[in-house]
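The structure under discussion appears below in the form of structure tokens.
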Amino acid sequence: MPAHIPPPPTSREPGRLRRWWRRLGGAGGVGSACGKRGNPLRRRSDRVQAWIGSALVLAAAAVTPSAVLLAADTAHDHYTRTARIQAMGGRYTTAVLVEDARRHPEPGSAEAEHARYPVAVRFTDPQGRTRTATAEVPPGRPEGSTVRVWTAADGTLTAHPLNAAEIRSRSLGWAIIAALAVPLTAAAAYGLVRRGIRRRNLRAWEAAWAETAPRWSISP
């Protein structure tokens, strides 16, 4: 007597993964794009749009890491050279405030800690001459207090050369910009392609309707 073979298990409702795969196939997925389980109402332009979208996603994923590394490396080299140029012939010196610095409206806050206000200061340039200029100083500094300022080779006050932390911070900023720019560019390209395909479909629909409409009209 042959052994009893139980029937295969059945499920009243497909799982989430199966439902998702079916929707993907019916809305432009791989199976639909390849034409193996294509929707009969699906146009060739829909399959082209699906393939272009997939290609742009893969291209963005492949290009983004290289773009991030290239942007960070290029920015780091640029700011390192800039720091060297800024440091040539310049030096730090001590300047004395000749007026009180403005007070911050929220003293003790994180914003006040990083705020700087322009104040007139007096300092000695590399040639030994006493000069007066404007420098950015922390808020609340009283007249007569001292600050460290950077003087160029000609004795003028300038921003201090970029330090290592500032170079890293700016390089990271450019890396983030590159990480966002690549997928945004791919999305913009897909939007243009989609718009062009939609216009083409509308023109084709209008031409087909112009040919079919007379057959539907009712003669009096």
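Owing to the predicted nature of the structure, the values given are computational and were not obtained by experimental measurement.
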- Message: My understanding is that only one of T134, V137, V147, V98 makes a side-chain contact (heavy atoms from CB on, under 4.5 Å) with V119; could you say which?
- Response: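 The side-chain contact (heavy atoms from CB on, under 4.5 Å) with V119 is passed solely by V137 among T134, V137, V147, V98.
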
- Query: Picking from L172, D77, T82, L162, what satisfies side-chain contact (heavy atoms from CB on, under 4.5 Å) with I167?
  - Reply: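 Exactly one option meets the side-chain contact (heavy atoms from CB on, under 4.5 Å) with I167, and it is L162.
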
Could you give the distance from [atom1] ([X]) to [atom2] ([Y]), rounded to the nearest 0.5 Å?
| X | Y | atom1 | atom2 | value |
| --- | --- | --- | --- | --- |
| H104 | R116 | NE2 | CZ | 10.5 Å |
| R47 | I52 | CZ | CD1 | 13.0 Å |
| R170 | H78 | CZ | NE2 | 8.5 Å |
| D100 | E143 | CG | CD | 6.0 Å |
| Y79 | R168 | OH | CZ | 15.0 Å |
| R91 | T151 | CZ | OG1 | 4.5 Å |

Heavy atoms, side chains only, cut-off 4.5 Å: are [X] and [Y] in contact?
| X | Y | answer |
| --- | --- | --- |
| R103 | P139 | no |
| Q86 | R81 | no |
| T64 | P183 | yes |

- Query: So R129 and T124, side-chain contact (heavy atoms from CB on, under 4.5 Å) or not? Walk me through it.
  - Reply: CA-CA 5 Å; R129 297 171 298 183; T124 302; over 6 Å; no

Any donor-acceptor pair under 3.5 Å linking the side chain of [X] with the backbone of [Y]?
| X | Y | value |
| --- | --- | --- |
| T74 | A71 | no |
| T156 | A152 | no |
| S54 | A50 | yes |

- Query: For W174, what residues pass the ring-ring contact (aromatic ring centres under 6.0 Å, His included) criterion, not counting sequence neighbours?
  - Reply: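 If we apply the ring-ring contact (aromatic ring centres under 6.0 Å, His included) test to W174, skipping adjacent residues, there are no hits.
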
If every non-hydrogen atom of [X] is compared with every non-hydrogen atom of [Y], which pair is closest and at what distance?
| X | Y | value |
| --- | --- | --- |
| G155 | D125 | CA-CB, 3.8 Å |
| F123 | A133 | CE2-CB, 3.8 Å |
| Y92 | R148 | CB-NH2, 3.2 Å |
| Y117 | R102 | CE2-NH2, 2.6 Å |
| P161 | A83 | CB-O, 3.8 Å |
| A75 | S171 | C-OG, 3.8 Å |

Result block: side-chain N/O donor-acceptor pairs under 3.5 angstrom for residues 185-198, not counting sequence neighbours:
{"residue": "T185", "atom": "OG1", "partner": "A181", "partner atom": "O", "Å": "2.7"}
{"residue": "Y190", "atom": "OH", "partner": "Q49", "partner atom": "NE2", "Å": "3.0"}

- Query: Are L56 and V48 connected, step by step, through hydrophobic side chains (Ile, Leu, Val, Met, Phe, Trp, Tyr) whose heavy atoms are closer than 4.5 Å?
  - Reply: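 Per the 4.5 Å side-chain linkage, L56 and V48 are co-clustered.
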
- Are T158 and V149 close enough, and set up right, to give a side-chain contact (heavy atoms from CB on, under 4.5 Å), and what steps lead you there? CA-CA 8 Å; T158 62; V149 294; over 6 Å; no

